[in-house]
Amino acid sequence: MASEDLRATRIEKLDQLRSIGMNPFAYQWKSTHSMADLQAKYGDLPNGEENDVDVAVAGRIMTRRVFGKLAFFTLQDETGTIQLYLDKNRIQEFMSDRFPEAFANLKQLTDMGDIIGAKGTLKRTDKGELSVYVKEFEMLTKSLLPLPDKFHGLTDITTRYRQRYIDLIVNPEVRETFRRRALITASIRRYLDRDGFIEIETPTLTSEAGGADARPFVTYHNTMDMELYLRIATELHLKRLVVGGFEKVFELGRIFRNEGISTRHNPEFTSIEVYQAYADYNDMMALTETLITTAATEVLGTTEITYQETPINLTSPWKRITMHDAVKDATGVDFAALTDLNEAIAAAKAAGIHNIDDCPSIGKLVNEAFEQKVETTLIQPTFITDYPVEISPLAKPHRSKPGLTERFELFIVGRETANSFSELTDPLDQRERLEAQAARKAAGDLEAQGVDEDFITALEYGMPPTGGLGIGIDRLVMVLTDAPSIRDVIAFPLLKPEKNEDQTPE
RNA sequence: GGGUCGCUAGCUCAGCGGUAGAGCAUUCGGCUUUUAACCGACUGGUCCUGAGUUCGAAUCUCAGGCGACCCA
């Protein structure tokens with residue numbers, strides 16, 4: 001039957017429900033238990049036995065198995081499912097004063113997808129299924145559209161993302177992923193809160209997009225008559241707060257970058273940035289380990305997990321290796337020993353590094369070699385430390401290694417998952433570095449940063465030595481929920497709208 | 001940006017140049033222990049869109065749309 005006919009049939013049932021005095025869109029229902037509560041509390045009720053404790057449940061009808069004078073429904077709520085045992089004699093006994101044909105109404109006017117409430121006692125059937133032995137039922141919300149195939153479910157990836165609500169209804173593991181995501185962010189916030197950090201919200205609309213190398217989204221404020229940029233990082237505002245005297249601050253929130261979409265990139269994603277005064281990047285490494293292992297332990301109960309069939313051991317301490325050493329191990333080239341750019345490029349080419357002909361510095365070259373030869377091999381959690389200054393405009397120079405900064409990135413399953421520095425606190429050095437960025441920007445580099453004058457001014461008032469840390473929440477959640485695509489951990493990922501042929505051009 | 005693959009009933013899929021198909025769902029009938037219930041009958045289509053080739057196109061070609069994956 002065509003889609004429109006299926007809907008029309010259900011609208012007809014809507015009218016019939018009203019005509020017998022049953023509101024198809026009820027106002028309220030009070031359950032005594034969730035499905036998980038019942039399954040846990042009465043897990044030991046023997047087959048074929050019942051009790052006389054009255055319970056009330058509510059949920060969506062997921063399957064219906066209807067006989068002449070008996071029916072079994074599977075009812076699903078957020079926590080799980082329970083079977084309804086619907087016996088004609090019992091329902092008529094308790095409902096016929098208000099609904100003379102209650103059992104017939106149940107058979108004729110309910111469908112898969114409807115949300116109903118039921119009251120009754122508990123009974124485990126002869127076949128072993130814990131069930132609510134229903135005395136009374138009530139329609140709470142009549143569903144007008146059919147759910148996907150009860151056996152095959154919904155697999156069409158486009159529908160799953162475009163109509164996530166259907167995906168959530170029929171795929172319990174999807175609900176579990178988003179539940180875990182919430183538990184992970186709650187765990188991180190709880191840890192930081194207990195450790196004395198406070199969360200402060202900084203602007204999403206900014207006049208200068210800084211704190212990272214990325215193309216911003218541009219928008220427009222009408223009454224101020226000016227362009228604004230959606231933030232690409234929370235870094236520069238959180239540092240202003242450290243200048244202002246907050247010694248432990250963080251923000252967990254949405255970031256926007258006007259870049260491509262892939263299994264690892266969504267234009268809007270979530271990061272947490274944490275800043276701790278009087279700390280350095282070594283302290284941040286310890287904090288990173290603690291935050292992630294705490295979340296894994298609290299949410300999954302273990303730090304030994306599996307990602308896409310690969311065992312991942314999150315138990316700290318994690319491996320630490322400098323970028324130069326990692327590149328040397330992978331390519332045999334010790335870029336730290338090279339001082340001439342042309343020699344370095346030749347050595348890199350000999351090691352199989354591509355697209356480096358116009359590389360402007362050895363620092364960039366090392367990073368390119370790292371991205372091409374090392375990054376995807378870092379499966380187990382690994383801190384890569386001491387990045388070249390050329391690619392780290394906001395990090396403090398290394399206290400003992402010229403040309404490098406006190407910076408690390410964390411890699412898990414070959415993906416950058418966190419980024420951290422001993423923050424650059426010298427305002428004069430910071431200005432030089434941002435002006436170099438601005439020169440690149442002026443030369444056409446769309447990802448280069450501009451000079452945020454007010455941020456420099458803030459630094460001139462003096463920022464204490466500070467450790468900063470950013471973690472990509474989506475990528476962390478992917479690892480902890482075994483999700484192959486970032487879209488699997490974002491409830492409503494960005495998709496192009498489907499073309500509407502009916503729309504007339506203006 | 002380049003490549004490969006996909007789009008057929010509400011859902012899951014088959015069909016790959018000769019009448020548009022199956023299972024589930026829906027509708028109708030039967031059934032008081034089902035778990036993808038079962039038995040019987042029926043219904044349901046812009047084969048993503050457009051153009052072309054052909055006696056004939058879901059099928060072949062071209063263009064476009066949306067999506068997935070891989071590469072840069």
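On a predicted model such as this, the values are computed, not experimentally measured, just so you know. Within every chain, numbering begins at 1; the chains are lettered A, B, ... in the order of the sequence lines, protein sequences first and strands thereafter.
Rounded to whole Å, atom C1' of B:rU8 lies 13 Å from atom CG of A:Asp156. The CD atom of A:Glu4 sits 14 Å away from the C1' atom of B:rG45 (whole-angstrom rounding). The distance from atom CD of A:Gln16 to atom P of B:rU27 is 11 Å, rounded to the nearest whole Å.
Contact annotation: A:Thr9 does not reach the phosphate of B:rU27 (side-chain N/O to OP1 or OP2, under 4.0 Å). Here A:Lys88 does not reach the OP1 or OP2 of B:rU32: none of its side-chain N or O atoms lies under 4.0 Å away. Phosphate contact (OP1/OP2 of B:rC24, side-chain N/O of A:Thr63, threshold under 4.0 Å): absent. Residue A:Lys123 places none of its side-chain N or O atoms closer than 4.0 Å to OP1 or OP2 of B:rU32. Taking 4.0 angstrom as the limit, A:Arg487 places a side-chain polar atom (N or O) nearer than this to OP1 or OP2 of B:rC69.
Out of B:rU12, B:rC69, B:rA25, the shortest distance to the side chain of A:Leu6 is found at B:rA25. Of the candidate nucleotides B:rU33, B:rU27, B:rC69, B:rU27 has the atom lying nearest to any side-chain atom of A:Lys13. Relative to the side chain of A:Leu154, the nucleotides B:rA68, B:rU12, B:rC66 differ in distance, and B:rU12 lies closest. When distances are taken from the side chain of A:Pro148 to each of B:rG67, B:rC11, B:rG10, the shortest belongs to B:rC11. Nearest nucleotide to the A:Asp87 side chain, out of B:rA25, B:rA68, B:rU32: B:rU32. Listed nucleotides: B:rG10, B:rU35, B:rG67. Nearest to the side chain of A:Ile157: B:rG67.
Counting atom types as modelled, A:Asp149 pairs a side-chain N or O with a base atom of B:rG23 as donor and acceptor under 3.5 Å. You'll find a donor-acceptor pair under 3.5 Å spanning the side chain of A:Asn89 and the base of B:rU32, going by distance alone.
The partner of B:rU35 is absent, by the rule that a Watson-Crick or G-U pair needs both atom distances under 3.5 Å. With both pairing distances under 3.5 Å, B:rG21 is matched to B:rC13 as a Watson-Crick or G-U wobble pair. In this entry B:rU4 has B:rA68 as its Watson-Crick or G-U wobble partner, both defining distances falling under 3.5 Å.
B:rA58 and B:rG18 have their C1' atoms separated by 13 Å, with the value rounded to a whole Å.
Note on ring orientation: taking the six-membered ring where Trp is involved, the planes of A:Trp318 and A:Phe383 are tilted (angle from 30° to 60°).
If you find the closest nucleotide of RNA chain B to A:Met112 and to A:Phe67, the one lying nearer the 5' end belongs to A:Met112.
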